[in-house]
Amino acid sequence: SRLRKQVPAGLYGHLFIAREGQAALKAALGFDSASPDDPYLALLSAAGDMAWFGHGPWSQGRQDELAEALQLLRQGVKIPLGSSKAP
C-alpha cells in the first residue's frame, strides 16, 4: 500500500503490483538474491507478453535502453528479452 500511495492516480492503468505468484515473477525477471532490494521493471506488449525487463539502480543508460525497447515495440519489432546493457 505504501508504493500505491506514491503512484499518481492517472498512472494506475499503466502498472500493477504483484501480490501473488511472486516466485514465478521472480523467475521470469531473473531475480538476483544478492540484490534483493533492486527495483525491477518489465515492459509488456499490448497482448500482455513480457517484451523487455531490467533491474538495478536507475541510470541514464537504463532509461535509454527502455526508450529504445519502447520504440521497437511500437514498430512491432521483437525485442531480445532481458536487459543486456550495463546500467
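- Atom-to-atom distance recorded for L41:CG and W52:CH2 is 5.0 Å, nearest 0.5 angstrom.
- If you take CD on E65 and CD on Q63, they are separated by 11.5 Å, rounding to the nearest 0.5 Å.
- Heavy-atom contacts from other residues, nucleotides or ligands closer than 6.0 Å to CD of E20 number 12 or fewer.
- Going from atom CG of L43 over to atom CG of L66 covers 6.0 Å, rounded to the nearest 0.5 Å.
- Residue Q71 holds its CD atom at 7.5 Å from CZ of R74, rounded to the nearest 0.5 Å.
- Contact between A42 and M50 at its shortest, heavy atoms only, is CB-SD, 4.0 Å.
- Contact detail for H55 and D32: the closest heavy-atom pair is CE1-CB, 3.9 Å.
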